[in-house]
Amino acid sequence: MIRARPNATAWMWMLAVLLLAAAPHATHLSWPILGLCGGVAMWWGMGVWRTGDPPILAMPWRMAAVVFVLAVNYAVHEKWVAGRDPGVALLVSMMFLKLMEIKGPRDANLTMTLSYFLVTVLFFYDQSLWMGAYVLLMGLLATIALAILTRPAGPWVHRLSSARVVRRSLRSAALLVAQALPLMAILFLFFPRLSQPLWGLNEDAFRTSSSKVGLEEVMSPGSISRLTLSGETAFRVTFDGPIPPTSDLYWRGLVLWTFDGRNWRRPSLPLPSHPPMAKYFGPPVSYTLTREATHQPWLLTLDLPSELPEGAKPANDWVVPWDDPTHRLPRYRAVSYTAYRADAGLRKVPAQALQMPVRGNPKAKALARGWAESFPPAQVVEQSLLFFRREPFVYTLSPPLLTSADPVDEFLFTTRQGFCEHYAGAFVFLMRAAGVPARVVLGYQGGEVNRFSRHLTVRQSDAHAWAEVWLEGEGWRRVDPTGAVAPERVERGAAATFAGGLPEFLRGEGVFRQEFRFVWDMVQERWNRWVLGYDPERQRLFMSHLGFEGVDWEGLAAALMIGLGLFTAVAAWLLLRRRGAPPDPLVELRARLDRRLAEAGLPRRPEEGPLAIAERAAGRFPDKAGEIRDIFQDYARLRYGPDAEVSGVAALRERIRRFTLPKPEKGG
Amino acid sequence: MAWLTRGIRPEPGPAVLRGNRLYILPSRQGMVVGMVLLVMLLGSLNYALSLGFAFTFLVGGVYFLSIFHAYRNLLGLRLTAGRPEPAFAGGEALFPITLEGRGQERWALGLKLLDGEPLYTDLESDRSLTVELRRPAPRRGRLPMGRIALFTEYPLGAIRCWSYVELTVSTLVYPAPEAEGRAPLPAVVETALGVEGKLVGDSGDFSGLRPYQEGDSPRGVHWPVYARTGVLATKRFTCDGHGEIWLDWEATRGLGDPEARLSRLCRWILTAEAMEIPHGLRLPGGEIPPGRGEIHQRLCLEALALFGESTVGRTGP
């Protein structure tokens, strides 16, 4: 008899799973917490390695550790537990602290079960394609660890070696996960989704860390060129009809009105509250836009939008705020017209459109005033663009820093090297100095068409700044000074312009790299659309693909039940049918004979051979004695004789079938 | 819970675990897992976490499928009863059971008699294994093996699959022998001449010495050895059929309680056999002529075990 406890291998598997479940959290855990968890893991691992049994830490130390975690939480997040980051920090710490009180397989099972939580909260931070693979991996590893650990302590009569147990656990776990995948697919597709949360959301549930890049609400020299270093996708667009030419693809995000001499910001005073007016020309463009990062409180639209998603209202400058944490709207539909006339009939342009600091940049002001004296406003615009074209301006990713107190003057007359933010900012300054109302628009321009799926991928490196001027009778007209200096930027997009300066990811004219980029982008787009974006609307779409229109949650529940039922039936049939060599038919026949005799009052004694019981039965039922002896002799011959013919078995089966015995009388 | 098991009928075996005798329910750990999965599901619903759904369904699916794996771990297992050895009252009875995998590898099988300790074993697919199941044997008589519970929580510990089998095997429990030395062997000797004399072992061939036991007659003591060494030793004789004793029910009259009397008789049988003295057994229901050897001992002990149940001297179990 062996008494067995989980050995060091089993414990190490558990520790490995726990570490893998916690590792992705390292990016958003504070250093003291990381130190505590790492320290505990190392101490525990070494204890198991040395003695084969997990070490246990006394209660006072464990309490001290909990207090430590709460204190760190308060110091770092200003909250004890409430909120996503402190809650997660506490959860991760508690998992590791639980290690210190594991005594046997049952505690280990509990730890493994709770590690499922650790993986789930990770999805508050990241749900990209890699996380999907991580889901599969963790599902597999946790199952392996459970299979290894779930062995009773004993006593054991016959216990297979630890190596065999591990091999078997690997195989079982792989089988279980593979068999569970179809079930997961059925449940994922048919389980009803909610359009409203059950109990509400914390406002910081999805707050991403500030390390994610994106447009900011302040534009300063260099802020946009910084973004070009990032190849990250900002958003993807699928168009219902043909894709407009690149020079029409201006995606409006923010409008900046206020200039402080160096930086452009959102309007410091509120804009007029009445909605903007527009006239649209030409064909409408319908599209669906899927955002990657959803932390920005405004929606991106193609200039100029005419229809917006429900609940979205444009501000006076066509910025569309969206600040509803309960409805993150990662994907939305809109309709825009690339030919338009905005606010043409405006009687009074907001004063902010002419705001400029009193002091500074005298040369630029003088230049602009010179134009204003000689030309009407529309010509002033032309003069300015001519100025950019004629003078030796350079469009570059890394212009020299502007250090003087008059940065506009420095840019326009001295350095003459800049990126889109320099040109847009300087242009708007010149316009305002000349008395033409103007404002800076911040957003994205262009994008990359994916040849496989025909969707448009717009990256952070496509971020752009341009200008709008207001002209009498025309309204707000887009003017992109970058187009005067580097027209290919507008016509062909960022990737074509900066083949040398862009990050490795975006370069690569090699066909293989380009194909790979397209395929990878398409995979990610599909992932976002069908997996991450699987909301009630998409579920309805899926059901209608199957042929069921207008399905509500009851229909979904019914489909779910049917799917589960089918799956269970198939699984039962596949897993539980008889496999391997069929049982010896003679044994079944003998069992049948035994049953027959037992019913007649002659239960078999285990040690009796076939001939002995034949004699006993013959004695009990003398009139059947001959038949009994024959049958048992046949059986003995077939079972123990040198050659057993199959036909003999069939004949015997027939005889047994016809053989009956009288039942014992009642009361006898 | 008796109503649940009413349908289990005793059978001589071999018994095969078929689907209709297997029960499945989540274990306690399975309930905990269920709760955790429910919380994960609710969280995913509230925060619309697609991957949360995916992970929850994957883990839930794995546990669901472990039901089939657990079921298959027991399905088709064959149990055959072996011959159990008799036991003494107050000790443990051992019932050997042979398990056959019948083409299916089985892991962490648990077996247990109703009031015994659980045992665990693995079983390769092409092997048969004999396991000794134990249960306490408090009283003398016939002790049926009773119900065997087979169970497993393979593979993940969340699902418990079990079954009951009752094989018609029983073992004999002999009365617990009285403590040694409480009562010496009865000094009643019948020789071939039918003369009652005293003493044990003063006839037959001297075959050696054994340590003196309280109650041995002084006539059996080997005095020369004592004179030489100071050690009391009793003479031993091989028997040629003359030095027999009768172990009589009446001789235990002084005790009163029948069980105590049987205990004393049991001790006498054991002692007589150890001393290689032919002994006969006389009980109110009958008698067993004197003899020696393992079979004779079994016969006598069986008579004691079944005292009050049936006539003495019946052959066979």
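Just so it is clear: chains get the letters A, B, ... in the order the sequence lines come, proteins before strands, and each one is counted from 1. Since the model is a prediction, treat every value here as computed from it, not as a measurement.
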Tell me, for A:V121 versus chain B, whether the close heavy atoms (under 4.5 Å) come from the side chain, the backbone, both or neither. neither
For B:L94, what residues pass the side-chain contact (heavy atoms from CB on, under 4.5 Å) criterion, not counting sequence neighbours? B:E132, B:R134
Please name all residues satisfying side-chain contact (heavy atoms from CB on, under 4.5 Å) with A:L170, sequence neighbours left out, ordered by chain then number. A:W13, A:I144, A:V166
Any non-hydrogen side-chain atom of B:L119 less than 4.5 Å from a side-chain atom of A:W156? no
Nearest 0.5 Å please: distance from the NE2 atom of B:H69 over to the CG atom of A:L176. 4.0 Å
Gap between atom OG of B:S44 and atom CG of A:L194 - 0.5 Å precision: 11.0 Å
Is the terminal nitrogen or CZ of A:R193 (NZ for Lys, CZ for Arg) located under 6.0 angstrom from the six-membered ring centre of B:F53 and within 45° of that ring's axis? yes
Report which part of A:A173 has an atom under 4.5 Å of a heavy atom belonging to chain B: side chain, backbone, both, or neither. neither
By a 4.5 Å heavy-atom criterion (distance strictly below it), what part of B:V36 contacts chain A: side chain, backbone, both, or neither? both
Heavy-atom proximity to chain B below 4.5 Å, by part of A:W527: side chain
Mind checking the OG-CE spacing from B:S50 to A:M131? Nearest 0.5 Å is all I need. 12.5 Å
Are the side chains of B:V62 and A:M184 in touch, meaning some heavy atoms are under 4.5 Å apart? no
Reference residue B:D122; test side-chain hydrogen bond (donor to acceptor under 3.5 Å, both in side chains); the match among A:H158, A:R159, A:R151: A:R151
If we only count heavy atoms from C-beta on, is the B:F68 to A:T568 side-chain gap below 4.5 Å? yes
Do the rings of A:F123 and B:F55 sit parallel, tilted or perpendicular, given the 30° and 60° boundaries? perpendicular
Atom pair CG/OH of B:L58 and A:Y116 - distance to nearest 0.5 Å: 9.0 Å
Does any backbone or side-chain atom of B:L42 lie under 4.5 Å from a heavy atom of chain A? Answer side chain, backbone, both or neither. both
Taking side chain as everything from C-beta outward and backbone as N, CA, C, O, which of these in A:L183 sits under 4.5 Å from a heavy atom of chain B? Side chain, backbone, both or neither. side chain
Student check: side-chain heavy atoms of B:L41 and A:F191 closer than 4.5 Å: yes
Is it the side chain or the backbone of A:P182 that comes within 4.5 Å of chain B heavy atoms, both, or neither? neither
Tell me, out of A:T113, A:L146, A:L187, who's got the most heavy-atom pairs with chain B below 4.5 Å. A:L187
Work out which heavy atom in A:P155 is nearest to a heavy atom in B:P118; give both atom names and the distance. CD-O, 3.4 Å
Any donor and acceptor pair, going by atom type alone, linking the side chain of B:T121 with main-chain N or O of A:V157 inside 3.5 Å? no
Test salt bridge (Lys or Arg N to Asp or Glu O under 4.0 Å) applied to A:R171 and B:E105, step by step: CA-CA 13 Å; A:R171 189 162 158 262; B:E105 215 173 36; 5.2 Å; no
Any chance you could measure A:F117, atom CZ, to B:M40, atom CE, to the nearest 0.5 Å? 7.0 Å
So which part of B:L65 gets closer than 4.5 Å to some heavy atom of chain A, the side chain, the backbone, both or neither? both
Proximal component of B:L129, with respect to chain A [non-hydrogen, under 4.5 Å]: side chain
Can you confirm whether B:F57 sits close enough to A:I186 that some side-chain heavy atom of one is under 4.5 Å from a side-chain heavy atom of the other? no
Rounded distance (nearest 0.5 Å) linking atom CG of A:N109 with atom CG of B:L156: 9.0 Å
A:S172 and B:Y154 side chains, donor-acceptor separation under 3.5 Å: yes
Side chains of A:V165 and B:W107: does their closest heavy-atom pair fall under 4.5 Å? yes
Determine whether B:Q29 and A:M112 make a side-chain contact, defined as any pair of heavy atoms from C-beta on separated by less than 4.5 Å. no
